[in-house]
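Encoded as structure tokens, the structure appears first; notes follow it.
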Amino acid sequence: MNGTGACIVQRDFTVLLEKGHPGFEQAKNKLALFAELVKSPAMFHTYRITPLSLWNAAAGGQTADDVVEMLRCLSRWEVPGKVLSDIRMWMSRYGSLALIRTDGAPGMLYLEQRRSNPALLDQLETEPSLASFRLQRDGFRLCFPAVFRGQLKQEAARLGYPVIDEAGYHRGHTLPVALRGVTGDGQPFALRDYQEAGVDAFAGRVNPAEGQAGHGGSGVIVLPCGAGKTIVGLAALERLQCETLILTSNVTSVRQWITEICQKTTLTSEQIGEYSGDKKQVRPVTVSTYQILTHRTKKDGDFQHMRLFNERDWGLIIYDEVHLLPAPVFRATADIQATRRLGLTATLVREDGCERDVFSLIGPKLYEVPWRELERTGHIAKVECQEIQVAMAPSLKEKYEAAQGREKFRIASENSRKTAWLERLLRLHEGRQILVIGQYLQQLAEAAYVLQAPLITGSTPQEERVRLFQAFRERQIQVLVVSKVANFAVDLPDASVAVQISGSFGSRQEEAQRLGRILRPKATGEKAYFYSLVSADSREQHFALRRQLFLVEQGYEYKIRRDEAIFQDDAAQSEVL
DNA sequence: TAGCTCGGAA
DNA sequence: CACAGTCCGAGCTA
């Protein structure tokens, strides 16, 4: 009855998964459905089961029985009864409250109780944090003004009660649009099966009878870098045939969306607007940045550009890179819950812990393809990850020991012995396109000097960047050293080797982004390599583990190599690699 | 009015 | 946890 027994389920809702266990792979895939990875030290992965991870599982069609059965099957010992009963409790809450329309009361909505828990509505009715929403008891429902739709869902989720929103959406102004099936340069293209499945998950469940309450219509789709998230957005646009607002993280991305819409849909460029610092076009399809929305006037601190949400009758809002969505945009989003919302991201993790607000205001996770799955099907390159632990020179180690907590990190990050390793790695992968990525300008300048490679930082003029990117694409340059610009530059060329020499504290998101730089499938089908250089026995090593979490959760494995043990013989090693 | 440089913001 | 980078808008020049 104990099944594979690869896991130990603890009373505090953590699950330890033993790395060497024969059932490891299977267990990992199962756990990914309802738990999140929080630590991955040497022997065990530590997962945590949270209300949010269970609600997302429920939204994805898992039942409490499914989860309980999986956990029993994976667990080495009897699963604590409290854990099982709490899982049932949390999962039963998903679906026990729904928002629906009222029949004859304009501007009002019902919060309806779907499962028997007689005290629940009483509890909500008297809950202080819900007091301002003017809840009125009406049998098994609470009636309240529709303007509180978003805030109520947000607050209820905080209280531990997710609300399924079936109050429906307004259609928005109609916009006839079709995918053209060819790109601008005449290359044919069609939706890949997983892209199609993603759109189905978002729009397929929309009730076609307008005015009727329907499921779906808002939520998040998670696809790896380079898997074609934009296409999924365009396909959603085609399904819904309505005017659409697209929000994204920077102007380069704004322009890329516009280019793709022009190439791949029947819309003309006059129908597509850019709303940025440069231009303030508001057109049937408008693409804008989060940054301009959060910009406040000098005089009274008004969010003047938030008006964009109401300037046209949008039927759909696409939140690109939804993991970056800033707090003021959450607030504005709470007020437009009758508009369909599609969140797109490669990493639905936030370092500020606002995942729950994404869940309540954008919607649940509707669809996800694990990164390794796309690797298997050849849509992204196979990658080998290595963490190389580089010893500090004795003098540096001394300095490190003497330093304060936060200085320690920087000293370890800038360990100059990393440069020597860089040279060896470059020799090993000679002839391939290599990106060296780091956090500190001085360190990067040193690396660029030693490698005799060009350096791109924030202060590199735009034309110079374009020129270098072009030369790199054409293989006139093999090695490019880049700073944090690599995190934002949408136009950074692909490479097949990336070496990270330093990074910001524990950013899982940044690590994923950097790995994303080498994911485009290689023509020859060869592997890509991702190296992370870390000072051995330092705080940096600790943060490196945290950085890797998301990718480990996605199924990537980091081979750990200690300083001395590697490259004693480069030739022999290259066969291993 | 287009094309800059600069400081502030998050 | 702070460094680096981005974007916006204002103020300037031509």
Side-chain angles (χ1 to χ4, degrees), chain A residues 247-258 274-281 287-308 320-321 323-332 350-354 357 400 403-414 435-448 455-466 468-469 480-492 500-511 513-514 517 535 538-547:
Chain A
L247 303 177
T248 186
S249 55
N250 59 55
V251 274
T252 318
S253 166
V254 165
R255 296 189 182 137
Q256 216 161 60
W257 270 94
I258 291 175
E274 169 179 330
Y275 192 96
S276 65
D278 265 20
K279 301 174 185 172
K280 301 284 185 292
Q281 303 163 338
V287 192
S288 186
T289 65
Y290 292 126
Q291 214 151 350
I292 198 165
L293 291 178
T294 56
H295 197 275
R296 302 156 91 135
T297 50
K298 276 239 171 77
K299 233 179 12 177
D300 47 12
D302 244 19
F303 290 109
Q304 48 181 341
H305 298 295
M306 288 290 184
R307 269 180 289 172
L308 186 55
D320 192 20
E321 317 273 9
H323 58 279
L324 297 174
L325 199 154
V329 180
F330 273 122
R331 265 170 253 138
R350 295 177 65 103
E351 311 300 343
D352 67 359
C354 289
D357 292 331
Y400 173 84
Q404 292 300 304
R406 60 174 112 87
E407 288 166 55
K408 276 191 151 90
F409 180 78
R410 177 140 192 183
I411 292 169
S413 296
E414 294 194 297
L435 288 175
V436 176
I437 314 176
Q439 158 99 336
Y440 301 102
L441 296 179
Q442 267 205 306
Q443 179 191 30
L444 288 162
E446 185 195 318
L455 169 66
I456 298 180
T457 71
S459 59
T460 311
Q462 209 57 47
E463 335 145 29
E464 176 78 349
R465 294 186 199 187
V466 171
L468 289 169
F469 288 166
L480 213 48
V481 181
V482 288
S483 70
K484 266 176 80 170
V485 291
N487 297 11
F488 309 99
V490 200
D491 46 353
L492 184 68
Q500 166 171 256
I501 57 174
S502 54
S504 55
F505 293 79
S507 175
R508 295 168 284 180
Q509 144 68 26
E510 185 179 77
E511 186 98 347
Q513 191 106 27
R514 289 176 173 181
R517 294 302 180 186
S535 281
S538 74
R539 289 176 61 85
E540 193 192 14
Q541 206 177 305
H542 163 81
F543 282 110
L545 277 179
R546 177 162 176 80
R547 293 173 59 83

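In what follows, chains are A, B, ... by sequence order, proteins preceding strands, each numbered from 1.
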Does a donor on one side chain sit under 3.5 Å from an acceptor on the other, for A/Q442 and A/E446? no

Rounded off to whole Å, could you give me the CD-to-P distance for the A/E414 and C/dA2 pair? 15 Å

In whole Å, what is the span from the CG atom of A/N487 to the P atom of C/dA4? 13 Å

Under a 4.0 Å heavy-atom criterion, the protein footprint on nucleotides 5-14 of chain C, written with B, S and -, is SBBSS-----

Check the distance between C/dC3's C1' and A/I501's CD1 and give it to me in whole angstrom. 15 Å

I need the CZ-C1' distance between A/F543 and C/dC3, as an integer number of Å. 14 Å

Judged by modelled atom types alone, do A/S413 and A/Q443 share a side-chain donor-acceptor pair under 3.5 Å? no

Please report the distance, rounded to the nearest Å, between CD in A/Q462 and P in B/dC4. 12 Å

Under the rule for side-chain contact (heavy atoms from CB on, under 4.5 Å), what residues qualify as partners of A/A327, not counting sequence neighbours? A/R331

For A/E321 and A/S249, which heavy atoms make the closest approach, and how far apart are they? CG-OG, 3.9 Å

Those residues at least two apart in sequence (or on a different chain) that pass ring-ring contact (aromatic ring centres under 6.0 Å, His included) with A/H305 are A/Y275

Compare all side-chain heavy atoms of A/D278 with those of A/R255 and state whether any distance is below 4.5 angstrom. yes

